[in-house]
2 protein chains.
Amino acid sequence: MTNALQDPLSLDAQFCFAVYSTAHALNRTYKPLLDRLGITYPQYLVMLVLWEADDRSVGEIGEKLLLDSSTLTPLLKRLEAAGIVRRERNPQDERQVRVRLTEQGRAMRKVASDFPAELLCATGCDAETLTRLKTEMRDVRDRMLAASAAG
Amino acid sequence: MTNALQDPLSLDAQFCFAVYSTAHALNRTYKPLLDRLGITYPQYLVMLVLWEADDRSVGEIGEKLLLDSSTLTPLLKRLEAAGIVRRERNPQDERQVRVRLTEQGRAMRKVASDFPAELLCATGCDAETLTRLKTEMRDVRDRMLAASAAG
DNA sequence: CACGATTATATCGCGCACGATATAAATGCC
DNA sequence: GGCATTTATATCGTGCGCGATATAATCGTG
């Protein structure tokens, strides 16, 4: 009702700002959890990928996370410097760098196992709502990516 | 059904990654539109705030956008260097910096008036769906911010 | 087998974000 | 009215993200 009269260029009307500011709020919510692991949020995403399947190339990680080497290479070097992963050229294809968890990196998963429940609590949603929102957001994302790929 | 059996630490299970990657996809979708204005996405958010009500302090803009001066000061200086805004100390309170649009800054609004419809198109959603998602995301965000403020 | 094209990472420059700190103006309290 | 406190910006260091480019290994084709 009132919405129909709203200026399409008002901040309140913006879907994009709702997503942008929610992403920042998520970062802020994760911060105290990730401090236990001593890593940042993007580094945590890389850990999720490696916990699911270890020994990946930089490109495979980037494909999962929609990031490219200019973001991942420095990030992975920081994880390596922290003793969390190892990076080694693939002897079968020297162009590739394989990324593998160290023992320390694998052990961090136990600490992280509490995070999903803690995050759910912070959102104040029930699990079903958050799962539905997750799916709807991914659908919007994938249509946008398809649209920008199409040009 | 299948979801109930999913590992809570898998990437697919993460609400946060859905939001994170959607935020990036939005950035990518806005890029060609914002190139017409020669500004970045965070700069566009500042413009939305100023188009709604001109002559704001840095703090007022930050309150709207949930950003602080360490982000806004350099951004506003870039907008000033581009001739889009002016920054002047408030004579009534020399601590404050008032930000005002130039004629050029005001004129940019006409170009931007096409953006909401173009974005809607890129998402492949109908307006009602996007409005509902916007509201649901803001609700989650506000509960997270309240939770992290509470500690 | 040579050589141009493709593929995989890496590097560089720039603009956010954010935590921590600095600076300077205004306010409040005695 | 002087001085500690608060308020408003600014600055600094670090880590993303991304576009553009560089480099080196592999592949494909003649």
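To find a chain, count down the sequence lines: A is the first, B the second, and so on, and within it residues start at 1.
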In whole angstrom, what separates [X]'s [atom1] from [N]'s [atom2]?
| X | N | atom1 | atom2 | answer |
| --- | --- | --- | --- | --- |
| L67(A) | dC18(D) | CG | C1' | 10 Å |
| N90(B) | dA10(D) | CG | C1' | 17 Å |
| E88(A) | dA10(C) | CD | P | 13 Å |
| L75(A) | dT14(D) | CG | P | 16 Å |
| Q96(A) | dA10(C) | CD | P | 11 Å |
| D68(A) | dT21(D) | CG | C1' | 12 Å |
| K31(A) | dT14(D) | NZ | P | 15 Å |
| L45(A) | dG15(D) | CG | C1' | 14 Å |

Give a yes/no on whether any side-chain N or O of [X] is located under 4.0 angstrom from OP1 or OP2 of [N].
| X | N | value |
| --- | --- | --- |
| S57(A) | dA8(C) | no |
| Y20(A) | dA17(C) | yes |
| R78(B) | dC16(C) | yes |
| Q92(A) | dA25(D) | no |
| R87(A) | dA10(C) | yes |

May I ask you to say what [X] touches in the nucleic acid, namely base, sugar-phosphate or nothing, with a heavy-atom cut-off under 4.0 Å?
| X | value |
| --- | --- |
| L72(A) | nothing |
| T71(A) | base |
| S70(B) | base |
| N27(B) | nothing |
| R98(B) | nothing |

Could you check which of [options] has an atom nearest any side-chain atom of [X]?
| X | options | result |
| --- | --- | --- |
| H24(B) | dC18(C), dG17(D), dT9(D) | dG17(D) |
| D93(A) | dG17(D), dA25(D), dA26(C) | dA25(D) |
| E94(B) | dC16(D), dA17(C), dA26(C) | dA26(C) |

Quiz prompt | Comparing P91(B) and Y41(B) on DNA chain C - which has the more 5′ nearest nucleotide | solution = Y41(B)

Self-check item: 5'-most by nearest nucleotide on DNA chain C - P74(A) or A25(A)
Solution: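 First, find each residue's nearest nucleotide; the 5'-ward one identifies P74(A).
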
Quiz item: For K77(B) and P42(A), take the nucleotide of DNA chain D holding the closest heavy atom to each; which residue's nucleotide lies nearer the 5' end?
Solution: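 Looking at the nearest nucleotide for each, K77(B) comes out on the 5' side.
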
Quiz prompt | 5' priority, DNA chain D, between V58(B) and T40(A) [closest heavy atom] | solution =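 Of the two residues, V58(B) wins.
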
Self-check item: Parallel, tilted or perpendicular: ring planes of Y30(A) versus Y41(A), cut at 30 and 60 degrees
Solution: tilted

Exercise. May I ask you to test the F15(A)-C125(B) pair for a side-chain heavy-atom distance under 4.5 Å?
Key: no

Quiz item: Side-chain contact, heavy-atom cut-off 4.5 Å: F115(A) with R36(A)?
Solution: yes

Quiz item: Are D68(A) and S70(A) close enough that a side-chain donor and a side-chain acceptor fall under 3.5 Å?
Solution: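 Looking only at side-chain atoms, S70(A) and D68(A) do form a donor-acceptor pair, the distance falling under 3.5 Å.
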
Practice problem: Decide yes or no, distance alone: a donor-acceptor N/O pair under 3.5 angstrom between the base of dT9(C) and the side-chain of R95(A). | Solution: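 Answer no: no donor N or O sits under 3.5 Å from an acceptor.
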
Self-check item: Base of dA10(D) paired with side chain of S69(B) (donor-acceptor, under 3.5 Å)
Solution: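 Answer is yes: a donor-acceptor pair is held.
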
Exercise. Indicate yes or no: does D142(A) engage R138(A) in a salt bridge with an N to O separation below 4.0 Å.
Key: no

Quiz prompt | Carboxylate-amine/guanidinium proximity below 4.0 Å for R143(B) and D139(B) | solution = no

Quiz item: When hydrophobic residues are tied together by side-chain contacts of less than 4.5 Å, even through go-betweens, does L66(A) share a cluster with L50(A)?
Solution: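 Different clusters.
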
